[in-house]
Peer 1: 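Let me give you the structure first, and then I'll get to my questions.
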Amino acid sequence: MNPKPNGKTILVIDDEAELLLTIKEYLESEGYQVFTADNGFAAMEVMKMGMIPNLILLDMKMPIMNGWEFALEFLNKHDHMSPIVVLTAAGDAEQRAKDISAIGWVEKPFNLNSLLNKIKLYERKSNKAAELPEAPSPSI
Ligand SMILES: [Mg+2]
């Protein structure tokens with residue numbers, strides 16, 4: 001199948017190789033361009049090539065550079081250029097998302113269709129945020 005590209009790029013960061021491939025194939029079949037990395041450091045390397053994704057799906061527990069470390073470095077280097085959605089099996093998913101200023105979270109295990117629905121929801125959320133008027137600059 002050769003889906004019509006929807007012009008959106010997603011970076012998926014997770015150390016579970018099979019899950020990474022499954023998500024990639026599914027989202028590609030939905031028209032997304034998908035980049036993958038198996039830890040935060042690898043993800044920073046992918047973005048060094050100039051790719052800034054529309055959305056990042058981020059696992060938290062990973063070797064080399066985990067989700068917390070990645071989020072810190074990403075926010076420092078790229079500010080809030082791409083919204084982050086946390087992928088986690090932890091019971092405190094909401095807290096984990098808040099910890100790193102993520103736009104939301106998806107609890108593992110999930111089915112692919114519900115993952116896609118959440119991605120679409122978060123896309124609408126971040127589009128809305130982008131439409132908000134900028135705060136007035138302080139007068140001197
Ligand atoms: Mg993991």
Peer 1: At their closest point, which heavy atom of Leu20 faces which heavy atom of Ala37, and how far apart are they?
Peer 2: CD2-O, 3.8 Å
Peer 1: Let me confirm one number: the CD1-CE distance from Ile56 to Met81, rounded to the nearest 0.5 Å.
Peer 2: 10.0 Å
Peer 1: Considering residues, nucleotides and ligands other than Met51, do more than 12 of their heavy atoms fall under 6.0 Å from its CE?
Peer 2: yes
Peer 1: Which residues pass the side chain to side chain contact (heavy atoms under 4.5 Å, CB included) test with Pro83, not counting sequence neighbours?
Peer 2: Leu55, Ile103, Ser126
Peer 1: Can you tell me which residue pairs pass the salt bridge (charged side-chain N to carboxylate O under 4.0 Å, His left out) test with a partner in residues 102-115, sequence neighbours excluded?
Peer 2: Asp14-Lys108, Glu16-Lys108, Asp59-Lys108
Peer 1: Between Ser82 and Pro53, which heavy-atom pair has the shortest distance, and what is it?
Peer 2: OG-O, 2.7 Å
Peer 1: Side-chain contact, heavy-atom cut-off 4.5 Å: Leu87 with Leu57?
Peer 2: yes
Peer 1: Report the residues that fulfil salt bridge (charged side-chain N to carboxylate O under 4.0 Å, His left out) with Asp99, sequence neighbours left out, ordered by chain and then residue number.
Peer 2: none
Peer 1: Do Tyr32 and Phe35 belong to the same hydrophobic cluster, where Ile, Leu, Val, Met, Phe, Trp and Tyr are linked whenever their side-chain heavy atoms lie under 4.5 Å apart, directly or via other members?
Peer 2: no
Peer 1: Ignoring hydrogens, what is the shortest heavy-atom contact between Gly67 and Met62? Give both atom names and the distance.
Peer 2: N-CE, 3.7 Å
Peer 1: If you take all heavy atoms of Ala93 and Thr88, which pair is closest and at what distance?
Peer 2: CB-CG2, 3.4 Å
Peer 1: Please report the interatomic distance CE(Met47) to NZ(Lys77), rounded to the nearest 0.5 Å.
Peer 2: 9.0 Å
Peer 1: Please list all pairs meeting salt bridge (charged side-chain N to carboxylate O under 4.0 Å, His left out) that have one or both residues in residues 38-53, counting only residues at least two apart or in different chains.
Peer 2: Glu45-Lys48
Peer 1: Kindly write out the residues that satisfy side chain to side chain contact (heavy atoms under 4.5 Å, CB included) with Thr22, not counting sequence neighbours, or none if the list is empty.
Peer 2: Leu112
Peer 1: Got a sec, which pairs hit ring-ring contact (aromatic ring centres under 6.0 Å, His included) with one end in residues 58-79, sequence neighbours left out?
Peer 2: Phe70-Phe74, Phe74-His78
Peer 1: Nearest heavy-atom pair of Ser29 and Pro3: which atoms, and what distance?
Peer 2: O-CB, 3.5 Å
Peer 1: To the nearest 0.5 Å, what is the distance between CD1 on Ile100 and CD on Gln95?
Peer 2: 11.5 Å
Peer 1: When rounded to the nearest 0.5 angstrom, what distance separates NZ in Lys120 from CZ in Arg124?
Peer 2: 8.5 Å
Peer 1: When you look at CZ of Phe41, are more than 12 heavy atoms from neighbouring residues, nucleotides or ligands closer to it than 6.0 Å?
Peer 2: no
Peer 1: Output the distance between atom CG (Leu58) and atom CZ (Arg96), rounded to the nearest 0.5 Å.
Peer 2: 11.0 Å
Peer 1: Determine yes or no for a side-chain-to-main-chain donor-acceptor pair under 3.5 angstrom, with Thr36 supplying the side chain and Val12 the backbone.
Peer 2: no
Peer 1: Are Val106 and Ile23 connected, step by step, through hydrophobic side chains (Ile, Leu, Val, Met, Phe, Trp, Tyr) whose heavy atoms are closer than 4.5 Å?
Peer 2: yes
Peer 1: Verify, without hydrogens or angle tests, whether Asn66 (side chain) and Glu69 (backbone) share a donor-acceptor contact under 3.5 angstrom.
Peer 2: yes
Peer 1: Any link between Ile64 and Met60 through a network of hydrophobic side chains (Ile, Leu, Val, Met, Phe, Trp, Tyr) touching at under 4.5 Å?
Peer 2: yes
Peer 1: Under the criterion side-chain contact (heavy atoms from CB on, under 4.5 Å), I'd like the reasoning laid out for Val85 against Ile119: C-alpha separation, chi angles, the key distance, then a yes or no.
Peer 2: CA-CA 8 Å; Val85 172; Ile119 288 172; over 6 Å; no
Peer 1: Just do the side-chain contact (heavy atoms from CB on, under 4.5 Å) check on Ile84 and Trp105 with the steps written out, would you?
Peer 2: CA-CA 8 Å; Ile84 297 176; Trp105 69 93; over 6 Å; no
Peer 1: Please check if Met65 and Leu19 belong to a single hydrophobic cluster, counting links between Ile, Leu, Val, Met, Phe, Trp and Tyr side chain heavy atoms closer than 4.5 Å.
Peer 2: no
Peer 1: Is there a side-chain contact between Glu123 and Lys8 in this structure, where contact means two heavy atoms from C-beta onward sitting under 4.5 Å apart?
Peer 2: yes
Peer 1: What are the two closest non-hydrogen atoms of Asn54 and Gly7, and how far apart are they?
Peer 2: OD1-O, 4.0 Å
Peer 1: Say whether Val34 and Leu11 are linked into one hydrophobic cluster, either directly or through other cluster members, by side-chain heavy-atom distances under 4.5 angstrom.
Peer 2: no
